[in-house]
Asker: 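Sharing a structure, written as structure tokens. Questions coming.
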Amino acid sequence: MAMYSRLPGSVALITLQNPPVNALSAAVRQGIVDTVQRALKDPKVTSVVICGQNGKFCGGADIREFAGPMLGPPLVPMIHAIEAVDKPVAAAIEGVALGGGLELALGCHYRIAHSKALLGLPEVTLGLLPGAGGSQRLPRLIGLTAALDLITTGRHISAAEALKLGILDQVTDNNVVDQAVEFVRRVAGQPLDSRRLSTLPCPCPPDVDSLLDKAMVKVRQRSRGALAPVACVQALMAAASLPYTQGMEKERDLLTTLFNSGQARALQYAFFSQRVVGKWSLPSGASWDNSAARTISKAAVIGLGTMGRGIVVALALTGISVVAVETQEKQLAEASQAVPAMLQREAGRRSLATPPGVISFSSNLQDVSEVELVIEAVFEDMSLKLQVFRHLTSVCRPGTLLCSNTSGLDIDQLAAVTQSPGLVVGMHFFAPAHVMKLLEVVYGPRSSPEAVATAMQLGKRMGKVSVAVGNCPGFVGNRMLKPYLEQANFLLEEGATPQQVDEALEEFGFPMGVFRMSDLSGLDVGWRIRKEAGLTGPGVESTRTRQGRRYSPLPDQVCEAGRLGQKTGRGWYQYDGPGGRVARSDPWVHIFLEAYRAEHGLVARSIAPEEILERCLYALINEGFNILQDAMAAGPEDIDAIYVFGYGWPRHHGGPMFHAGQVGLGRILERLQHHHHNHPDVPHLKPSTLLRRLVAVGSPPVQTWREFINKERVHSQL
Ligand SMILES: CC/C=C/CC(=O)SCCNC(=O)CCNC(=O)[C@H](O)C(C)(C)COP(=O)(O)OP(=O)(O)OC[C@H]1O[C@@H](n2cnc3c(N)ncnc32)[C@H](O)[C@@H]1OP(=O)(O)O
């Protein structure tokens, strides 16, 4: 809806009304068309201001409407009609002007914003381009170079930056509607031709072709396989070279292609998944809207290795006072140098003048006695963690929340050694903890709703996407990673090279294939876990079947050769010395693989990229279905958010569970059955019961699985 009012002094005020962000739904568009007509017809009106209700100008097109048929007046002619009005029209921007919201403002003759407003054309993040004239008007206003940056990244910019770029005519700290009204009164009667952006030429640098070529290379590198960034560059090419009307035709054609692509659906799903996971619920019935969170102002971090340091920085950036404890003096000395520098860097990156939190360093565990929440981040060893939790429960004051940054150990076992097991949860950060967006909040059977709510809210304050997950080995993310890594190793045994596996995965869109990623994380991490699980180590027979299932000793043997990844300069690849970053194929690995296959009587075969993808991804997806079945994740959106924000799953494929739906559940089931038939000794390839049930009921859309699972559980079908 849009409300019309006449202000004293001949100004018509149009207020967009569609909470919470005044998205341009069919009703809002109709409202704008009607009210603009009314202002045009009213001879007493000399100028118009468009604003948004409740401190938000407009969050863009209504994304929820994209799934259905197009109803109501389309945006493009609506914005043209505003631009054509012969009375000055100003956008009064408060809160946000994003996507179609900014495109609407670009159709106005003037733009006035509050200093705290954010502006941007984030369509690319939804698999689209600014298709309401934004790809043609913005470059005409601010030049091709700046428009390329804004449109291909979709980043939100401050009012100050928008003013500098020339998007805004005025920025104010006062009431923006009042300022805009005053502004249009002042300019009423002045010629408007130069204010109609569609009539202006597009300012381009002399080397325009090279600029566009470089932009194309950059977007292709940044998000491999993603269609929208490429289409954005193509639309800007049109703006640079064609008259406006033809540019608009190009914009429309590109938008139609994107709209019909699976990628746009995947990215829009990813947008909503990120919001769905914030509305968490536990099998106990506790949820985000019935569980109170505590506000934490003082916390402690125990253990200042890589993870601990990142967690300290993440907490301090939110303004929390942190006691950073490390009992090893050398490590403490190093951390007390490194952490403040990390904090400064990150504060700078986030444009914060000074890091808000206060950090004190200590080697004494007694110093955590006054904090409200502790995050343990010591070495991933259960006996060590138990020792720390026993100590914490005796040192901390009653009511302190005790959290562990374990990446997969049993939270309940840790809770069991404390006086208040209800106050124990996992907070699984991802490295580097101050940068990575994902946080798994792990609830054990005894974790209280308050503890979960507090950890979830703390994650949000730190700018994380927090996902509540159940307590099982590896939780959600690492539990699904296991069958994925396992398949990658089996593929090497069968004839693939690390490069072939990585290239197939990178072509799919992962920033790094599994072997490059393992080299980066360090191969010894998994080696230690396998040793603890009794799968490898002294006394374990060197066979390819262990604990009753197929096992590949390849990664153990690579570690035994002293190749631990980037840190040793050698792993699945070779690097320019320890700490090197550029992976190069290593003849040693190829000779090693040949010798290994010969020793085990394996005949190498040529493996197509399609098989690599199926084996790795479908095994991972299958585990996702098992996780849903076991109620370790509340819904497919939780799994997908974890994979997109923590594991580099290409956002334009939505997430593993969404991808399964797009491929077709029947197809996934059939291929898993096929691979399991060929590899009956690999239990991870055995299709999950939930997948079978979903296929049996006709493969319903991913958005309905949560409800389906709950019903199946009630009827004991799972
Ligand atoms: C011709 C085709 C052209 C299309 C052009 C477009 O305009 S595409 C849309 C471009 N706009 C965006 O991408 C903006 C998306 N929204 C946001 O980035 C953020 O929501 C916000 C506007 C910055 C506000 O952030 P905040 O953290 O304050 O709130 P939430 O993100 O939690 O959002 C609140 C609820 O509003 C829903 N919502 C937000 N934007 C839209 C939208 N454009 N359409 C529909 N719904 C939107 C969001 O889903 C939240 O809903 P809940 O039900 O409460 O979860």
Side-chain angles (χ1 to χ4, degrees), residues 16 18-29 32 52-80 93-107 116-138 150-151 153-158 228 231-232 235 248 251-261 263-265 267-281 287-289 437 456-457 460-461 463-466 635 637 641 651 703:
L16 313 186
N18 185 15
V21 301
N22 298 320
L24 295 164
S25 62
V28 173
R29 297 196 304 274
I32 295 174
Q53 193 187 36
N54 293 336
K56 288 207 166 80
F57 178 68
C58 177
D62 191 332
I63 307 168
R64 287 183 204 277
E65 285 187 354
F66 292 170
M70 167 79 187
L71 301 169
L75 269 179
V76 170
M78 181 193 93
I79 294 174
H80 274 143
I93 301 170
E94 212 179 345
V96 287
L98 296 173
L102 180 55
E103 292 177 289
L104 167 66
L106 291 173
K116 294 216 170 93
L118 289 175
L119 294 88
L121 293 175
E123 286 88 338
V124 69
T125 63
L126 297 168
L128 302 174
L129 56 78
S135 76
Q136 304 304 301
R137 283 199 181 87
L138 188 69
L150 290 192
I151 290 177
T153 61
R155 70 187 177 92
H156 298 181
I157 58 170
S158 65
C232 286
M248 285 301 288
E251 182 190 270
R252 189 200 54 219
D253 292 348
L254 289 166
L255 184 68
T256 307
T257 309
L258 292 177
F259 242 116
N260 295 325
S261 75
Q263 291 195 4
R265 279 192 292 280
L267 285 156
Q268 288 150 29
Y269 164 85
F271 172 83
F272 288 115
S273 309
Q274 188 177 342
R275 283 147 184 89
V276 166
V277 299
K279 298 181 176 169
W280 57 273
S281 61
S287 64
W288 66 283
D289 55 352
K437 289 277 282 179
M456 291 292 287
Q457 197 204 56
K460 194 171 177 190
R461 273 175 71 192
K464 309 280 179 209
V465 175
S466 312
E637 296 87 354
R651 204 178 154 91
Q703 290 83 356

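Read the numbers this way: they start at 1 and go in the same order the structure lists the ligands and their atoms. No hydrogens, no waters, no symmetry mates; every other heavy atom, side chains included, goes into these values. Please read all numbers here as calculations on a predicted model, not as lab measurements.
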Asker: Can any side-chain N or O of Thr257 pair as donor or acceptor with the backbone N or O of Asp253 at less than 3.5 Å?
Answerer: yes
Asker: Classify the contact between Thr125 and ligand 1 as side chain, backbone, both or neither, using a heavy-atom distance cut-off of under 4.0 Å.
Answerer: neither
Asker: Check whether any side-chain heavy atom of Leu126 lies under 4.5 Å from a side-chain heavy atom of Phe271, and answer yes or no.
Answerer: yes
Asker: If we count only non-hydrogen protein atoms and require a distance under 4.0 Å, does atom 25 (O) of ligand 1 qualify as touching the protein?
Answerer: no
Asker: Check whether any protein heavy atom sits under 4.0 Å from atom 40 (N) of ligand 1.
Answerer: yes
Asker: Quick one: does any side-chain atom of Glu103 pair with a main-chain N or O of Ala132 as donor and acceptor, under 3.5 Å?
Answerer: yes
Asker: So, does Glu637 use its side chain to make a donor-acceptor pair with the main chain of Phe272 at under 3.5 Å?
Answerer: no
Asker: Is there a side-chain contact between Gln268 and Leu128, using heavy atoms and a 4.5 Å cut-off?
Answerer: yes
Asker: Given Lys279, Gln274, Glu251, identify the one with the heavy atom nearest to atom 55 (O) of ligand 1.
Answerer: Lys279
Asker: Under 4.0 Å from atom 31 (O) of ligand 1, is there any protein heavy atom?
Answerer: yes
Asker: Could you find the nearest protein heavy atom to atom 23 (C) of ligand 1 and give me its residue, atom name and distance?
Answerer: Leu98 CD1, 3.8 Å
Asker: With a cutoff of 4.0 Å, is Glu65 in contact with ligand 1, counting heavy atoms of the residue only?
Answerer: no
Asker: Starting from atom 47 (C) of ligand 1, which protein heavy atom do you reach first, and at what distance in Å?
Answerer: Val21 CG2, 4.1 Å
Asker: Is the side chain of Glu251 donor-acceptor paired with the backbone N or O of Ala235 at a distance under 3.5 Å, no angle test?
Answerer: no
Asker: Could you tell me the residue and atom name of the protein heavy atom closest to atom 5 (C) of ligand 1, and the distance to it rounded to 0.1 Å?
Answerer: Glu123 OE2, 3.3 Å
Asker: Out of Ser25, Gly100, Pro19, who is nearest to atom 7 (O) of ligand 1 when you count heavy atoms only?
Answerer: Gly100
Asker: Report yes if some heavy atom in the side chain of Ile79 is under 4.5 Å from a heavy atom in the side chain of Arg137; otherwise report no.
Answerer: yes
Asker: Starting from atom 1 (C) of ligand 1, what is the nearest protein heavy atom, named by residue and atom, and what distance separates them?
Answerer: Leu255 CD2, 3.9 Å
Asker: Answer whether the closest heavy-atom distance between the side chains of Asn18 and Asp62 falls below 4.5 Å.
Answerer: yes
Asker: Considering heavy atoms of the protein only, find what lies nearest to atom 51 (O) of ligand 1 and give residue, atom and distance to 0.1 Å.
Answerer: Arg64 NH2, 3.6 Å
Asker: Return the option from Gly59, Gly60, Gly99 holding the heavy atom at the smallest distance from atom 11 (N) of ligand 1.
Answerer: Gly59
Asker: Is the shortest heavy-atom distance from the side chain of Leu121 to the side chain of Leu102 under 4.5 Å?
Answerer: yes
Asker: Ignoring hydrogens, tell whether any protein atom lies closer than 4.0 Å to atom 37 (C) of ligand 1; use the non-hydrogen atoms only.
Answerer: no
Asker: With heavy-atom distances below 4.5 Å as the criterion, would you say the side chains of Ser287 and Asp289 are in contact?
Answerer: yes
Asker: Looking only at distance, does His156 have an N or O less than 3.5 Å from an N or O of ligand 1?
Answerer: no
Asker: Starting from atom 44 (N) of ligand 1, which protein heavy atom do you reach first, and at what distance in Å?
Answerer: Ile63 N, 2.9 Å
Asker: Consider side chain to side chain contact (heavy atoms under 4.5 Å, CB included). Of Leu16, Leu75, Val28, which one does Leu104 pass it with?
Answerer: Leu16
Asker: If you count the atoms of ligand 1 from 1 in the order shown, which ones are under 4.0 Å from a heavy atom of Phe272?
Answerer: 49 (O)
Asker: Any idea which protein heavy atom is nearest atom 4 (C) of ligand 1, and the distance to it?
Answerer: Ala61 CB, 3.7 Å
Asker: Would you call Pro20 a ligand 1 contact, heavy-atom distance under 4.0 Å?
Answerer: yes
Asker: Can Arg265 be said to sit on top of Tyr269's aromatic six-ring, NZ or CZ under 6.0 Å from centre and within 45° of the ring axis?
Answerer: no
Asker: Which residue and non-hydrogen atom of the protein lie closest to atom 20 (O) of ligand 1, and at what distance in Å?
Answerer: Arg275 NH2, 3.9 Å
